Structure formats: C-alpha cells, structure tokens
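Everything below concerns the one structure shown next.
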Amino acid sequence: MAKQGNKKNKAFSWDYAPALEGISHLNIKEKYDLFIDGKFVKPSSCKYFDTINPATEERISQIAHGSEIDVDKAVKAARRAYVNVWSKTSPSERAKYIYRIARLMQERARELAVIETLDSGKVITESRDIDIPLACNHFFYYAGWADKLEYAFPNRKVESLGVVGQITPWNFPLLMAAWKIAPALAAGNTVVLKPAETTSLTALKLAEIIKDSGLPNGVVNIITGYGDTGAAIVNHKDINKIAFTGSTQVGKIIQKSIAGTDKRVTLELGGKSANIILDDAPIDQAVEGIVNGIFFNQGHVCSAGSRLFVQEGVADIVINKLKRRMDKLIIGDPLDKNTDVGAINSKEQLKTINDYIKIGKDQGAKIHQSSSKAPKKGYYCVPTIFTDVAQSNRIVQEEIFGPVLTVQTFRTIDEVIQKANNSPYGLAAGIWSDKGSRVFNLSSKLKAGVIWANTYNKFDPTSPFGGYKESGFGREGGLHGLRAYVNLK
Ligand code: NAD
Ligand code: MN
C-alpha cells in the first residue's frame, strides 16, 4: 500500500510505492583499464580513481587515469588504423560496422541505461527513454550517411580528416560519446575519446561493444582520466581535429592551446537559455515545459531553460502553477521509476549549485523551493526558483548547471528580445505562444543556436545542435554534424 504524501499536499497526493529498476543483471568490473588498439591495457602510471554513485556516495568501480604516454599510444594506434585500414575500408563496409555497433547497443540498452543512472545520478526513466535510445539512433543515423557522402555534399570531393580527439562532459555520458564517435567514423576518421572523469562507465561499456563489433583495432580508442588527460589529447601533435563539449572555461583553454596549429576544432559549450512564455501561451503545457526545461536531468543540461521570461498578464498564474507543480516533483533514488528529480552528479557540482543559491539570496532575489523532501544521503538539490531578480544578478548571467531557475517578467516583445539576448551565451531558447507569427518573429531575433516552440529539450539525430557566442561553434547532429568531420574540395 502506498503511504500518504507529505502534509502540505495531503488532499492531493500520495507517495508511490517504490518501483526500483533491478541491478542484479549488471556486470561491472572492479577496475577498468584503457581501451587502446582494440585491447584493454593498464595505464602507464598504474593509477586508478574511484567512480562514485552520487545517489549513495558509494564507489561503483575504479577507472584508469591515462597519462601523456597512454594518449600517445592511443594516437599512434589511431594513426596506424587510419593509414593502414580505415581509410582503405569501403564506405559501405564502414556503414556495416556502425550499424553493428548501434544494434549491439540496442541489445544491451537496459544494462547501459542502468549503469548510466548509477554513475551519473540521472533518473532511470531518462536514461532508459532518452539517453540510450538517442545514442543508438545517432549510430543508426550516421551509418546511413557513410556510403552517401557524395550526396551529403554534392559536387564536392569529400575527404576524411584523419585522427580526431574527442572530449566529453558528464551530463549525457553515452549520448555525448555517440554524438562524437558516430559521425567521425561515418566520415572515415579514427578516434581517441576521453569521457568525463565522473561518468566514464558507459563509454567503457561502449568500448566492450566496439570490441564485440569487430571494428578494426585502433579505429576507436577510449582513454579515461581527468583534465590533464584531456589536455594531452588537445596538445598531441598528430591529432587533426579536436571536438570538445564542456564548459566555456575549458573551451577557451583549448582554443588557446591549438591556436597557431592546423588542428580543426568544434566547441560545444555552456548555456543560459531563455524560456519565454507569451500571454497567449497554452499555460498548462508551458508549465510542463518550464519544468522539463530546468528540472529535467537536475538542470544538468547545456540547453537547460534556466532563465524564465513570462509576459506580465499571465505571470501570476504561471508562477503559481509552477510552484504547485514543483511541490509535486518526487526527488530521490534515480533507480526508482517514480522519481522525477535524481541526484546531482558530484559533490563539487552540488557545492557550485549551493554557492549560487546563496549568491541569489545575498543579491536580494526571492527564493522558492519545492516542498518535496530529498533523501539525507547522496548529493541532492531541491528544485529552486528565484523571483524578483535583476538582469545584472549573477544567477541571471552565469551558468549554474543545476535545478535553479530565475524568473523575470516582461511587457513587450522588444523588451524580452533585449533581455533574452543580454547574455554571454546563446545555446537554446524556448517560445510558448498560440500564434505562429509571434513564434517566427521571436525566433528570427533571438541569438540562440536551437529554438523550440511550444516544447523544450527535444533532441533528434537529424537535427543540428550548437550555439552562438560563448556557447561555442560548430554543430553536432544532422548533416551539419557530418560536415565537421570532413574536408571538402
Ligand atoms: P568541463 O569543461 O569541466 O569538462 C568537460 C571535459 O573536459 C571533461 O572530460 C574534462 O575532464 C575535460 N577537461 C577538463 N579540463 C581540460 C583541459 N584543460 N583540457 C582538455 N580537457 C579538459 O565540463 P563539465 O563540468 O564536465 O560539463 C559541464 C559543462 O558542459 C557545462 O558548461 C555545460 O553547459 C557544457 N555542455 C555543453 C553542451 C553543448 O552541447 N553545448 C553539452 C553538454 C554539456
Ligand atoms: Mn560517477
């Protein structure tokens, strides 16, 4: 029997009985080595670090810390594979390998989803229904292009780049690896990839899958480690392109390091995206869209709708409905299918978020937090909104990367365009309105790479994704994503 819910919501809600996803089927090793030249090998330093389940604060496994020496081995393996094998493999053969990887991922989807949830803290319903299927679909989609490059870029001679170095963040671990590896392989390149240090496990599972797929040795190499490992990839002389997704701060370091070299680069960086509710918007859908925009994956989404703009006529009703909806969100065990809001990825990230919440209060903004309770153990942050904020407040200007929303109101369209564009970032935006003409007018004036209308945080392999300004340059997904991995003559 389900227990009755917390006092405040007594009349309306009950706690659901737990619906935990099982973990007994998992096969997680105690220690993971580096994946170089088709084999798992020990790191030259013999050093390993722990990967933690943020919901329990317990160690899941140990991960190899790759050094410059290991990166060099991986780049050499990738170069050999490029010269001797992959550049000579016919495009249709390349496609078969990529399809095979996609199918093997699908077969192991449940295992991948559960491991993603354990390692990252994101709720199982997201990793099961969004991350893993989308990751598979990226491989399927780019497999389809591998033997059609001359149609992708008509009347041009298409060449691969060579060895590409790829560095990914912790918020969508397997999905980000798929965004990077699939188009690189389809275009005929070989890869050295470094996943984020707090969420390496699914990339290592992908290494197992790649091994099982029979992909020639050295075509994909996976080197785990911290920022120094990433820097060793960026600075390696024999890399032709760097693809980076992560913070703007590290993106700037990377851009400086490769200045003056002939390396290509694409950077997918941070965001502070505006979610704009016009007075003719479908209010209930918009409230769901706000929740999805900022509380989905605990706000660990580069495109999170972290700045809400509501037109004055509907501001009170939207904010009241939003607060009521926040009180109903279930915070807790990410493995439980009832959970809406899982764990923050790391202790460090939780501290960053809590520091920003304090800054918001100190700068005079009015805070409202969900009345739902978070578990005592684990890294959790209760969904939080700030009203009475000023455009100059740090919580409005800076990326928090957590479940924290700032709320501003506006009267005219010109006003909201100015405010929304007044940001160093320009990754995404959302517009809620009943009228297509209002949506088209706003979307043509917002400086954001991705704009959603009457929806939020929707991703698809065929659709390019990327930012303006300090949110980076280059696009991933779709034909644009393929373009980033070829030379056109
Ligand atoms: P981060 O920049 O700290 O780390 C990203 C990756 O870079 C990690 O693998 C890290 O080990 C590595 N790294 C760190 N220092 C490095 C260095 N000096 N040289 C090379 N590599 C280095 O970012 P994070 O905290 O993992 O991720 C959160 C950030 O990523 C947020 O700002 C978010 O907006 C951004 N992000 C952007 C997108 C996008 O598509 N635009 C997608 C997801 C995340
Ligand atoms: Mn972890």
Side-chain angles (χ1 to χ4, degrees), residues 49 51 63 65-66 68 71 119-122 131 134 138 165-180 192-200 203 222-236 239 242-258 263 265-273 294 296-306 344-353 356 398-402 423-428 448-450 457 459 463-477 480-481 484:
F49 57 91
T51 193
I63 309 290
H65 188 160
E68 245 173 75
V71 167
D119 207 15
S120 73
K122 72 169 65 206
D131 292 58
L134 263 179
H138 269 269
Q166 308 182 319
I167 300 168
T168 54
W170 46 259
N171 58 346
F172 290 92
L174 186 67
L175 182 59
M176 290 297 119
W179 279 25
K180 295 215 160 13
V192 177
L193 175 122
K194 191 199 89 67
E197 51 270 35
T198 55
T199 54
S200 304
I222 296 185
I223 303 287
T224 46
Y226 285 83
D228 58 327
T229 317
I233 296 177
V234 170
N235 296 320
H236 196 287
I239 293 246
I242 295 292
F244 171 78
T245 300
S247 61
T248 296
Q249 189 193 354
V250 174
K252 286 180 180 174
I253 297 174
I254 290 178
Q255 213 177 356
K256 278 186 194 141
S257 328
I258 64 167
K263 285 175 196 158
V265 67
T266 41
L267 302 174
E268 302 282 350
L269 309 176
K272 191 75 183 173
S273 300
I294 186 65
F296 167 58
N297 197 15
Q298 295 72 249
H300 296 340
V301 186
C302 47
S303 56
S306 51
I344 301 299
N345 180 248
S346 65
K347 201 176 187 170
E348 293 71 32
Q349 185 59 24
L350 181 59
K351 182 177 180 310
T352 305
I353 298 167
Y356 272 111
E398 297 172 22
E399 185 184 48
I400 300 173
F401 223 57
S423 163
Y425 295 109
L427 192 53
V450 183
N457 274 339
F459 302 96
S463 169
F465 185 89
Y468 275 52
K469 299 193 268 186
E470 292 199 7
S471 291
F473 46 79
R475 294 290 179 269
E476 292 189 305
H480 298 65

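One-based numbering, in listed order, for ligands and for the atoms of each. Each residue takes its place number in the sequence, starting with 1. Since the structure is predicted, the reported quantities are computational estimates derived from the model, not experimental observations. Values reported hereafter were calculated over all heavy atoms of this structure, with side chains retained and with hydrogens, waters and symmetry mates removed.
- Residues W179 and F172 place their aromatic rings such that the two centres sit no closer than 6.0 Å.
- Under the salt bridge (Lys or Arg N to Asp or Glu O under 4.0 Å) criterion, K180 pairs with E476, not counting sequence neighbours.
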Within the protein, flag every N or O under 3.5 Å from an N or O of ligand 1, and note the pair and distance.
from     : atom 1 : to   : atom 2 : distance (Å)
ligand 1 : 2 (O)  : S247 : N      : 2.8
ligand 1 : 2 (O)  : S247 : OG     : 2.6
ligand 1 : 9 (O)  : T168 : O      : 2.8
ligand 1 : 9 (O)  : K194 : NZ     : 3.1
ligand 1 : 11 (O) : K194 : NZ     : 2.9
ligand 1 : 11 (O) : E197 : OE1    : 2.6
ligand 1 : 23 (O) : S247 : N      : 3.4
ligand 1 : 25 (O) : W170 : NE1    : 2.9
ligand 1 : 26 (O) : W170 : NE1    : 3.2
ligand 1 : 30 (O) : G246 : O      : 3.2
ligand 1 : 32 (O) : E399 : OE1    : 2.6
ligand 1 : 34 (O) : E399 : OE2    : 2.6
ligand 1 : 41 (N) : L269 : N      : 3.2
ligand 1 : 41 (N) : L269 : O      : 2.7

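- Residues that satisfy the ring pair (Phe, Tyr, Trp, His ring centres under 6.0 Å) test with Y356, not counting sequence neighbours, are absent from this structure.
- When only modelled atom types and interatomic distance are considered, N345 and T199 share no side-chain donor-acceptor pair under 3.5 Å.
- Salt bridge annotation for K252-E470: present, with a cationic side-chain nitrogen under 4.0 angstrom from a carboxylate oxygen.
- A search for ring pair (Phe, Tyr, Trp, His ring centres under 6.0 Å) contacts involving F401 returns W170, H300, not counting sequence neighbours.
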